[in-house]
Amino acid sequence: MARVLPLRPLFYLLKRVSIHIRKLQDDITYDLAIVGGGLAGLALSIQTVKSGYKVILFEKEQYPFHRVCGEYISLESWDFLQSLGVNLRSLDVSAIKRLCVSDIHGKSFEQKLPLGGFGISRYKLDHVLAQIAKQAGVIIHESTRVNDIHFSNGHFSIESTNGNYTSKVVTGSFGKRSNLDVKWKRPFIVAKKNKLNNYIGVKYHIRYDFPNDLIALHNFKKGYCGISKVEGNQYCLCYLTTANNLQNSNNDIRRMEQNILCANPHLKKIFGNCEMLWQEPVTISQISFDKKTLVEDHVLMIGDAAGMITPLCGNGMSMAMHASKIAAEEILKFLEGTISREMMEKHYMSKWNKLFADRLMTGRILQRLFDSQWLTTLMIRLGRAFPSIIRTLIKRTHGKPF
Ligand SMILES: Cc1cc2nc3c(=O)[nH]c(=O)nc-3n(C[C@H](O)[C@H](O)[C@H](O)COP(=O)(O)OP(=O)(O)OC[C@H]3O[C@@H](n4cnc5c(N)ncnc54)[C@H](O)[C@@H]3O)c2cc1C
């Protein structure tokens with residue numbers, strides 16, 4: 001006869017073991033703690049752990065998961081991703097070589113992209129990176145939100161929903177807007193609502209008859225919607241618009257799409273004929289393109305947490321990964337003891353500004369321009385007549401392979 005296991009002692013034992021493990025974790029001082037496991041955080045974790053340091057990463061969601069992003073990555077990141085161990089060719093990414101832009105009336109121009117890019121879902125890419133990080137030895141706490149970070153006597157203490165941790169260096173790669181931004185009252189959070197800080201983003205995965213190598217950016221009143229291919233015969237349909245547009249549509253996304261987006265004939269055709277692969281889209285709100293601080297109480301900010309380029313530039317992901325590379329260079333020098341904390345912060349800020357400040361500024365100008373219907377129409381006319389102007393603009397918002 002089968003023996004019935006005494007459940008209560010077993011439960012008690014498991015509880016003791018888990019308390020013991022937590023206590024052990026509390027006693028470890030990590031070299032680097034990373035808050036937020038998007039592209040910036042995951043890429044940084046892999047680079048640092050490969051140099052032999054103890055790295056812990058906190059991510060409030062559980063991989064794999066969908067997030068709002070147009071999922072077009074500039075080719076400048078190709079070599080870097082491969083160097084992290086991502087075998088891009090085996091992931092069925094799509095090669096994107098052409099750009100089409102249309103104004104609200106559907107008038108458009110098309111041209112070759114100077115460098116080009118590829119399409120892959122964040123669901124897949126972030127998951128692959130998280131697996132590589134785990135295999136390399138990064139301790140990843142998923143479904144764990146960091147609630148606060150304190151710096152004192154050369155060490156950080158990190159309060160998370162999964163216990164408290166200590167670390168020598170902390171980076172904030174917690175994206176566009178997080179509970180920590182609100183807690184720390186970062187300037188872009190307390191800023192009054194303006195033209196650059198109250199956007200919403202919406203994303204779907206769809207099936208649709210559309211060229212594999214094309215990314216299209218279709219304008220509508222106070223917004224634009226991109227479409228391009230990702231892996232597995234799916235397309236990413238993602239748009240950015242003002243919170244006002246949604247409020248004026250009774251906070252009803254479908255109504256906004258019908259009344260505002262579909263005024264552009266290209267979008268009407270896409271929304272009318274595509275197969276939506278999800279019941280509901282993924283959405284985010286309160287997106288801000290205002291300037292952000294690069295270091296907050298000795299926490300180095302990377303990716304969108306340091307500053308967000310407007311999505312129409314299609315370069316936020318590459319910037320997030322490139323920032324992880326310059327952060328890793330400085331953090332490693334600090335951990336090796338060759339530079340002080342002050343120098344690490346100073347070098348990081350100076351490299352960041354040199355690489356990204358101009359791109360962000362051009363992105364903000366373009367965003368304002370695309371907010372105006374007549375200026376967008378003018379741009380499209382200019383783009384048709386003088387393709388070199390568009391190429392120059394694209395180059396000003398992109399970097400070189402790193
Ligand atoms: C509408 C739209 C379209 C876009 N399209 C493109 C595009 O086509 N190409 C492109 O290159 N870029 C695009 N971008 C920009 C791109 O998505 C971002 O630049 C990029 O995701 C930044 O990566 P990140 O690692 O900084 O942040 P994220 O990828 O946002 O990662 C941040 C992570 O931190 C986690 N987190 C937050 N707070 C906490 C906390 N307290 N504790 C633990 N975890 C936390 C979040 O869950 C999240 O996983 C687009 C952006 C928008 C809004």
Side-chain angles (χ1 to χ4, degrees), residues 29-57 74 76-77 79-81 83-84 133 138 149-156 158 166-175 180-181 184 186-188 290-309 315-363 396-402:
T29 294
Y30 287 91
D31 295 305
L32 173 63
I34 299 171
V35 184
L39 291 182
L42 287 166
L44 176 65
S45 75
I46 297 168
Q47 294 166 85
T48 318
V49 87
K50 276 184 177 170
S51 297
Y53 290 102
K54 280 185 290 188
V55 182
I56 187 166
L57 181 147
S74 155
E76 68 194 69
S77 300
D79 294 346
F80 178 71
L81 277 166
S83 76
L84 294 180
V138 178
I149 305 165
H150 297 282
F151 180 76
S152 120
N153 295 329
H155 280 80
F156 291 91
I158 299 139
T166 52
S167 180
K168 294 178 195 161
V169 180
V170 174
T171 58
S173 47
F174 36 71
L180 290 169
D181 294 317
W184 296 347
R186 292 183 74 197
F188 78 94
D290 281 347
K291 273 192 180 162
K292 294 182 181 174
T293 40
L294 296 178
V295 178
E296 287 273 346
D297 197 18
H298 303 286
V299 177
L300 300 191
M301 300 295 166
I302 55 172
D304 283 357
M308 196 182 163
I309 191 160
N315 203 28
M317 289 191 272
S318 290
M319 281 178 46
M321 288 186 269
H322 200 165
S324 83
K325 190 173 178 187
I326 57 171
E329 283 162 9
E330 297 310 317
I331 290 167
L332 291 177
K333 282 186 223 156
F334 170 73
L335 291 174
E336 283 157 11
T338 41
I339 58 171
S340 66
R341 186 180 296 281
E342 196 192 348
M343 290 312 278
M344 168 179 73
E345 292 169 10
K346 228 170 129 182
H347 290 175
Y348 173 66
M349 287 194 282
S350 128
K351 280 187 178 175
W352 195 99
N353 278 317
K354 209 165 156 195
L355 274 170
F356 305 128
D358 281 355
R359 285 194 225 178
L360 285 173
M361 196 182 66
T362 312
R396 280 194 67 87
T397 56
H398 284 69
K400 297 200 170 70
F402 51 93

Any chance you could measure M317, atom CE, to S77, atom OG, to the nearest 0.5 Å? 8.0 Å

Smallest heavy-atom separation, K54 atom then T29 atom, equals NZ-O, 3.2 Å

Say you draw a straight line from CG of N315 to CZ of R396; how long is it, rounded to the nearest 0.5 Å? 13.5 Å

Between atom CG of L84 and atom CG of L39, what is the distance when rounded to the nearest 0.5 Å? 10.0 Å

Could you list the donor-acceptor pairs under 3.5 angstrom formed by side chains in residues 292-299, with sequence neighbours left out?
residue: K292; atom: NZ; partner: K176; partner atom: O; Å: 3.1
residue: K292; atom: NZ; partner: D304; partner atom: O; Å: 2.8
residue: T293; atom: OG1; partner: R186; partner atom: NH2; Å: 3.3
residue: T293; atom: OG1; partner: E296; partner atom: OE2; Å: 2.5
residue: E296; atom: OE2; partner: R186; partner atom: NE; Å: 3.4
residue: H298; atom: ND1; partner: E345; partner atom: OE2; Å: 2.7

Sequence-distant partners of S152, side chain to side chain contact (heavy atoms under 4.5 Å, CB included), two or more places apart: none

Under a 4.5 Å cut-off applied to non-hydrogen side-chain atoms, are W184 and I149 in contact? yes

In Å and rounded to the nearest 0.5 Å, what is the OH to OG distance from Y53 to S167? 12.5 Å

Looking at every heavy atom in both G172 and A305, which two are closest together, and how far apart are they? O-CB, 3.5 Å

Between atom CE of M349 and atom CE of M344, what is the distance when rounded to the nearest 0.5 Å? 10.5 Å

Kindly write out the residues that satisfy side chain to side chain contact (heavy atoms under 4.5 Å, CB included) with S340, not counting sequence neighbours, or none if the list is empty. E342, M343

Salt-bridged, D31 to K168, with N to O below 4.0 Å? yes

All heavy atoms of M301 vs all of Y348, minimum pair found to be O-OH, 2.6 Å

Side-chain heavy atoms of T166 within contact of I158, under 4.5 Å: no

Taking the side chain as everything from C-beta on, heavy atoms only, tell me whether L44 gets closer than 4.5 Å to L32. yes

Hey, are K333 and E330 close enough for a salt bridge, meaning a charged N less than 4.0 Å from a carboxylate O? yes

So do Y30 and V55 actually touch side chain to side chain, heavy atoms under 4.5 Å? no

Show every donor-acceptor pair shorter than 3.5 Å between a side-chain atom in residues 319-329 and any protein atom, with sequence neighbours excluded, or say none if there are none.
residue: S324; atom: OG; partner: Q47; partner atom: NE2; Å: 3.0
residue: S324; atom: OG; partner: M321; partner atom: O; Å: 2.6
residue: E329; atom: OE1; partner: K351; partner atom: NZ; Å: 2.8

Could you work out, with side chain to side chain contact (heavy atoms under 4.5 Å, CB included) as the rule, every residue matching S350, not counting sequence neighbours? none

CG of L332 to OG of S51, rounded to nearest 0.5 Å, is 4.5 Å

Decide side-chain contact (heavy atoms from CB on, under 4.5 Å) for E76 and H398; before the verdict, give the C-alpha distance in whole Å, the side-chain angles of both, and the deciding distance to 0.1 Å. CA-CA 8 Å; E76 68 194 69; H398 284 69; 3.6 Å; yes

Counterpart residues, side chain to side chain contact (heavy atoms under 4.5 Å, CB included), relative to S173 (two or more places apart): I34, A40, I302

Quick one, L355 and F402 - any side-chain contact, counting heavy atoms below 4.5 Å? no

Counting C-beta onward and ignoring hydrogens, is there a side-chain heavy-atom pair between F151 and R341 closer than 4.5 Å? yes

T397 and T362 have their tightest heavy-atom pair at CG2-CG2, 3.8 Å

Could you check whether any side-chain heavy atom of I331 comes within less than 4.5 Å of a side-chain heavy atom of T171, counting everything from C-beta outward? yes

